[in-house]
Structure formats: C-alpha cells, structure tokens
Amino acid sequence: MPSDLFLQLSSGELVNRQHIRHFSLTPSGQVLLSTGATTFVSRRCMQQIRKEFLK
C-alpha cells in the first residue's frame with residue numbers, strides 16, 4: 001500500500017520511508033535522508049512523524 005511506503009513531511013513533500021536515516025526531535029524537525037540531503041518537517045505533520053519514530 002502506498003501509504004506504507006511514503007511519509008508526508010509537509011504539504012509539498014513526500015519521502016520514501018526506506019530513505020530516512022535519522023529524525024531529529026528539534027522544534028524544526030530535521031530529517032536526514034540516505035542521499036545526504038536534509039529536509040524539514042512542517043508543524044502540521046510533526047505529530048504523525050513523532051508517532052512513527054517513537055514507536
């Protein structure tokens with residue numbers, strides 16, 4: 001199911017869950033991807049991301 005493969009970080013950004021290497025619980029919510037790129041989680045999506053990574 002596609003919802004199991006991708007995670008929404010903001011209104012305009014989806015990432016493949018397998019490519020997330022690290023999630024930082026800073027107020028800005030940084031996400032490190034396997035490509036070395038860093039992106040940020042919007043405040044609107046932060047709660048869902050925390051649930052996923054703090055299981």
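Shown here are the side-chain hydrogen bond (donor to acceptor under 3.5 Å, both in side chains) partners of Q30, two or more places apart in sequence or in another chain: there are none. Scanning for side-chain hydrogen bond (donor to acceptor under 3.5 Å, both in side chains) contacts around H22 gives an empty result, with sequence neighbours left out.
Note on residues 37-46: pairs passing side chain to side chain donor-acceptor pair (under 3.5 Å), not counting sequence neighbours, are E13-T39.
Distance check, rounded to the nearest 0.5 Å: OG of S28 to CE of M46 gives 7.0 Å. We find the OG-CD1 distance between S24 and I49 to be 13.0 Å, quoted to the nearest 0.5 Å.
Under a 3.5 Å cut-off, the side chain of R17 and the backbone N or O of D4 do form a donor-acceptor pair.
Shown here for C45 and L9, the closest heavy-atom pair between the two residues is CB-O, 3.6 Å.
Exactly one residue among L14, V41, I20 makes a side-chain contact (heavy atoms from CB on, under 4.5 Å) with L7. That residue is I20.
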